[in-house]
Structure formats: C-alpha cells, structure tokens
Colleague: 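Mind looking over this structure? Questions follow.
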Number of protein chains: 2
Amino acid sequence: MTMNIKDVSTRTGLPAKTIRYYEDIGLIRPDRQANGYRDFSDTDCHKLAFLSRARTLGFSIEDCRTLLGLYEDEARASADVRQIAAHHLDQIDKRLTELLELRDTLQRLVSSCAGDNRPDCPILNDLANVRTSTKRSSAGS
Amino acid sequence: MTMNIKDVSTRTGLPAKTIRYYEDIGLIRPDRQANGYRDFSDTDCHKLAFLSRARTLGFSIEDCRTLLGLYEDEARASADVRQIAAHHLDQIDKRLTELLELRDTLQRLVSSCAGDNRPDCPILNDLANVRTSTKRSSAGS
DNA sequence: CATAAGGGTTCCACTAGATGGAAGGTCAAG
DNA sequence: CTTGACCTTCCATCTAGTGGAACCCTTATG
C-alpha cells in the first residue's frame with residue numbers, strides 16, 4: 001500500500017511542490033520505491049500535517065523544524081515549546097501594533113483625499129512631506 | 001556642490017545599498033560625475049525621501065513607482081492616487097484580521113501550556129491535531 | 001503493440017526587497 | 001606614499017515556496 005505524493009498532498013492539503021520542498025530542506029525523509037517515486041509512511045503524512053498546521057499558525061520554517069524535533073522528543077520540556085510559541089506571539093503583537101498604526105495613517109490619508117479628477121492630493125502631499133491641513137507628527141520649525 | 005551617495009543616505013535615512021538598488025530598478029536616475037560616482041540632485045534626494053515615506057507606509061515597490069509617477073504628473077487625478085492607497089488599506093485590513101485571529105489562537109495555546117520540564121504540551125497537541133481540553137474549531141464525531 | 005493521459009522525477013529560474021561581502025577604483029590628509 | 005574613508009560593480013543570500021521544462025513510469029484503451 002504505497003502512498004504517492006499526490007495522495008499525501010490530498011490528505012494534508014499541501015501542494016506536491018511544497019512537500020518536495022520540505023523534503024529538500026530536510027523536514028521529512030520519505031522512503032523511495034524501486035521506480036524512484038517517493039513512498040510516504042503514515043508518519044511522514046502526520047509530520048506534514050503537523051508542518052501544515054504550524055505554518056498556518058505563522059511559525060517560520062526553522063521554528064517548525066524545532067517544533068517537529070520537540071514533538072518527536074519524548075523527553076522534551078514543554079517550556080521549550082512554550083518559549084518558541086511565546087516569542088512568535090510577541091512578534092505577531094509587534095506586527096499588529098505596526099499594522100494598526102499604519103492603518104490609522106492610511107485611513108486618515110485616504111479619507112482626506114477627494115478622489116476626483118483634480119491633481120491636488122493630500123496623500124501625495126504627505127509622501128512628499130508637504131504639510132497640508134491633515135497633520136502628521138508634531139514637527140514645528 | 002556634488003552630492004555623493006553617503007550625503008543622500010544621511011539626508012533620507014535610506015542605506016546607500018538601498019539607494020543603489022532603487023537606481024537599479026529604475027526608481028531614480030542620478031547623474032554621474034567624471035569619476036563614475038553618482039551625483040544626486042535635490043530632486044533625486046526628494047524622490048528618495050518620497051520613496052522612503054511610501055515604503056514606510058507599506059506600499060509595494062511597484063505602487064511606489066506608480067505613486068512617484070503620479071506625483072510628477074501635474075495632470076494627475078487624485079482619484080488614481082486614492083485608489084492605490086485605498087486598495088493598500090484593504091490589504092492591510094485583511095492582514096490585520098488574519099493576524100488578530102492568529103494572535104487569539106496563539107494566546108490561547110501559550111496560556112494553556114504549563115511551560116515546565118514535563119513533556120506534555122497542548123501546543124504540540126494542537127499542531128499534531130490531537131484534541132485536548134483546549135478546544136479549537138468544532139469538528140465532531 | 002502503440003499511444004495517450006495522468007501520474008512521477010530532477011533541475012533551474014523567479015518572486016520581494018533588500019542586504020552582505022568581495023574585489024577594486026578614488027580622493028583628501030598627513 | 002600610505003592610510004582610511006569613500007565610491008564602484010557584481011554575485012550571493014535571505015523566506016517560503018511556485019512555475020515550468022525536460023524527461024521517466026504506469027495504466028487503460030484502440
């Protein structure tokens with residue numbers, strides 16, 4: 001009962017290309033059949049599902065590699081896992097803060113622009129650092 | 001009064017490498033001195049500041065290129081600028097929604113993990129799709 | 001048996017937006 | 001003359017895949 005790459009792709013939802021890529025970078029090591037085709041075990045499939053979920057949660061490939069290692073290590077400490085996840089969460093919080101600020105600025109700019117066929121545009125003025133009525137950070141002369 | 005790349009870098013806050021890169025992809029076209037050094041005009045410097053700000057606002061390089069074109073086009077319609085910014089804003093909103101959901105999930109996982117020296121870990125269980133007390137999406141049976 | 005469809009394989013190129021570094025030219029000061 | 005701080009180009013690297021070409025394998029059908 002061999003499992004070819006397409007079967008695994010269907011089961012895990014990962015594109016075949018991605019599965020090959022994951023083998024390439026050493027995340028999985030499927031067997032080979034006599035004809036050269038990859039032969040995936042249930043364990044391989046399980047690992048790929050694990051990776052898929054971890055990637056969906058935004059973990060980097062290197063984090064995924066570590067997490068997979070911890071997953072397979074019966075003697076792991078949950079602290080190690082938690083530390084990785086907590087750090088990732090921190091990064092996401094940072095990114096969120098940045099994006100929220102970005103959104104505010106963009107919202108202000110977009111709503112201050114008439115969006116008609118005249119050339120005058122507060123968005124371009126902001127980009128060119130030409131101060132218009134729409135104020136940005138305090139910078140008096 | 002020539003302006004070398006370092007001067008422009010200092011003025012705009014952009015690394016020299018980035019400035020060269022921007023020339024490479026055709027965002028600016030500084031003159032050259034006899035010795036081959038780039039010779040930046042005030043206009044070049046201004047454009048780079050514009051690009052720097054636009055990149056800070058998260059616009060893609062291609063958007064930046066278009067925005068710069070519009071900026072220099074006296075006959076532009078502000079609608080064109082607004083459309084680009086509004087679309088960018090939409091993308092950011094989408095990203096924000098994703099990140100917020102991601103954060104919730106991660107927060108739940110991290111806080112459900114003891115983070116001690118024992119191997120049992122709800123985070124790994126989630127990744128391996130092993131259902132523990134911490135519930136994720138409804139998937140009965 | 002030939003062949004065509006639908007698998008599989010490898011390998012190389014490309015994406016975005018820079019950044020690091022090597023190898024070498026230029027310039028001003030001491 | 002040499003030192004150090006500039007400048008130049010070019011190539012490689014990063015993330016996480018994705019697209020495509022060229023080619024091999026398997027199975028069903030005429």
Side-chain angles (χ1 to χ4, degrees), chain A residues 1-40 44-45 47-48 50-68 87-88 91-92 95 98 102, chain B residues 1-40 44-45 47-48 50-68 84 88 91-92 95 98 102:
Chain A
M1 238 276 329
T2 62
M3 235 195 314
N4 282 348
I5 200 162
K6 192 73 182 303
D7 309 317
V8 181
S9 171
T10 304
R11 281 208 202 177
T12 63
L14 289 171
K17 275 271 182 188
T18 301
I19 296 172
R20 289 196 197 96
Y21 174 65
Y22 285 175
E23 180 187 17
D24 220 50
I25 62 176
L27 289 176
I28 51 165
R29 289 180 211 290
D31 280 348
R32 293 291 175 140
Q33 299 164 25
N35 59 12
Y37 288 17
R38 287 169 184 81
D39 187 6
F40 296 88
D44 292 324
C45 208
K47 280 193 199 178
L48 285 167
F50 181 102
L51 290 168
S52 176
R53 170 87 180 136
R55 290 291 300 131
T56 297
L57 291 183
F59 287 103
S60 72
I61 288 286
E62 283 320 302
D63 277 353
C64 288
R65 192 188 301 277
T66 309
L67 289 170
L68 200 51
H87 181 252
H88 180 42
Q91 296 305 112
I92 286 176
R95 189 82 193 103
E98 290 170 12
L102 220 57
Chain B
M1 237 277 329
T2 62
M3 235 195 316
N4 282 348
I5 201 162
K6 192 70 180 304
D7 308 318
V8 181
S9 171
T10 304
R11 281 209 203 178
T12 63
L14 289 171
K17 276 271 181 189
T18 301
I19 297 172
R20 289 194 198 98
Y21 173 66
Y22 285 174
E23 180 188 16
D24 221 48
I25 62 176
L27 289 175
I28 51 164
R29 289 179 212 288
D31 280 347
R32 293 291 175 140
Q33 299 167 26
N35 58 13
Y37 288 18
R38 288 170 184 79
D39 188 6
F40 296 88
D44 292 323
C45 208
K47 281 194 201 178
L48 285 167
F50 181 104
L51 290 168
S52 175
R53 171 86 179 135
R55 290 291 298 132
T56 298
L57 289 182
F59 286 103
S60 71
I61 289 286
E62 283 320 300
D63 276 354
C64 287
R65 193 189 300 277
T66 308
L67 289 170
L68 200 51
I84 292 170
H88 180 42
Q91 296 305 110
I92 285 175
R95 189 83 192 103
E98 290 169 12
L102 220 58

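Proteins get letters first, then strands, A, B, ... in listed order; numbering begins at 1 in each.
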Colleague: On a plain distance test, is the side chain of B/Lys17 in donor-acceptor contact with the base of C/dG17 below 3.5 Å?
Modeller: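 Between C/dG17 and B/Lys17, which were checked side chain against base, a qualifying N/O pair under 3.5 Å is absent.
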Colleague: Measure the CD-CZ distance between A/Glu23 and A/Phe40 for me, rounded to the nearest 0.5 Å.
Modeller: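 If we round to the nearest 0.5 Å, A/Glu23:CD and A/Phe40:CZ are 6.5 Å apart.
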Colleague: Of the nucleotides C/dT19, D/dA16, D/dT9, which has the atom closest to the A/Ile61 side chain?
Modeller: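 That would be D/dA16.
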Colleague: When you measure from the side-chain N and O atoms of A/Arg32 to the phosphate of C/dG8, is any distance below 4.0 Å, counting only OP1 and OP2?
Modeller: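 Checking A/Arg32 against C/dG8: no side-chain N or O falls below 4.0 Å of OP1 or OP2.
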Colleague: Rounding to an integer number of Å, can you tell me how far B/Glu23 CD sits from D/dC10 C1'?
Modeller: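 Spelled out: CD on B/Glu23 to C1' on D/dC10 is 14 Å.
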Colleague: Need one value for A/Phe59: base, sugar-phosphate or nothing, where a base atom within 4.0 Å counts as base even if backbone is also close, heavy atoms only.
Modeller: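 Touches nothing.
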Colleague: Between the base of C/dG8 and the side chain of A/Lys6, is there any donor-acceptor pair under 3.5 Å?
Modeller: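 Such a pair does not exist between side chain and base.
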Colleague: For A/Ser52, which of A/Leu14, A/Leu57, A/Ile19 qualifies under side chain to side chain contact (heavy atoms under 4.5 Å, CB included)?
Modeller: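 It is A/Leu14, the one option of A/Leu14, A/Leu57, A/Ile19 that forms the side chain to side chain contact (heavy atoms under 4.5 Å, CB included) with A/Ser52.
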Colleague: It should be established whether B/Arg38 places a side-chain nitrogen or oxygen under 4.0 Å from OP1 or OP2 of nucleotide D/dC7.
Modeller: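 For D/dC7, neither OP1 nor OP2 has a side-chain N or O of B/Arg38 closer than 4.0 Å.
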Colleague: Atom CD of A/Glu62 to atom P of D/dC14: distance rounded to whole Å?
Modeller: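 One finds 10 Å between P of D/dC14 and CD of A/Glu62, rounded.
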Colleague: How many whole angstroms separate atom OH of A/Tyr21 from atom P of C/dT15?
Modeller: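 A/Tyr21 atom OH is separated from C/dT15 atom P by 17 Å.
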Colleague: Which pair of non-hydrogen atoms, one from B/Met3 and one from B/Asp39, has the smallest distance, and what is that distance?
Modeller: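 Scanning both residues completely, I find the closest heavy atoms to be N-OD1, 3.3 Å.
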Colleague: Atom CG in A/Leu27, atom OH in A/Tyr21: separation rounded to 0.5 Å?
Modeller: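 One gets 8.5 Å once the value is rounded to the nearest 0.5 Å.
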Colleague: To the nearest 0.5 angstrom, please state how far the OG1 atom of B/Thr2 sits from the CD atom of B/Gln33.
Modeller: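 One gets 4.5 Å once the value is rounded to the nearest 0.5 Å.
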Colleague: Looking at B/Tyr37 and C/dG25, is any side-chain donor or acceptor paired with a base atom of the opposite kind under 3.5 Å?
Modeller: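 Looking at the base of C/dG25, it does pair with a donor or acceptor on the side chain of B/Tyr37 (distance under 3.5 Å).
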Colleague: For A/Arg65 and D/dG17, what is the distance between atoms CZ and P respectively, to the nearest whole Å?
Modeller: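 My rounded result for the distance is 12 Å.
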Colleague: How long is the line joining CG of B/Asn35 and P of C/dC27, in whole Å?
Modeller: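 One finds 5 Å between P of C/dC27 and CG of B/Asn35, rounded.
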Colleague: Calculate the interatomic distance between A/Ile28 atom CD1 and D/dG17 atom P; express it in whole Å.
Modeller: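 Between P of D/dG17 and CD1 of A/Ile28: 12 Å.
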Colleague: Looking only at the side chain of A/Ile5 (C-beta and beyond, no hydrogens), which of the listed nucleotides C/dG17, D/dA16, C/dT9 gets closest?
Modeller: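 Within the option list, the nearest is C/dT9.
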Colleague: Without decimals, in angstroms, what is the distance between A/Arg20 CZ and D/dG17 C1'?
Modeller: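 The distance from CZ of A/Arg20 to C1' of D/dG17 comes to 13 Å, rounded to the nearest Å.
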Colleague: Can you tell me the distance, in whole Å, between the CD atom of A/Gln33 and the P atom of C/dG8?
Modeller: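 So the two atoms are 10 Å apart, to the nearest Å.
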Colleague: Answer yes or no: does a side-chain N or O of B/Thr18 lie under 4.0 Å from OP1 or OP2 of C/dT19?
Modeller: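 Yes, such a contact exists.
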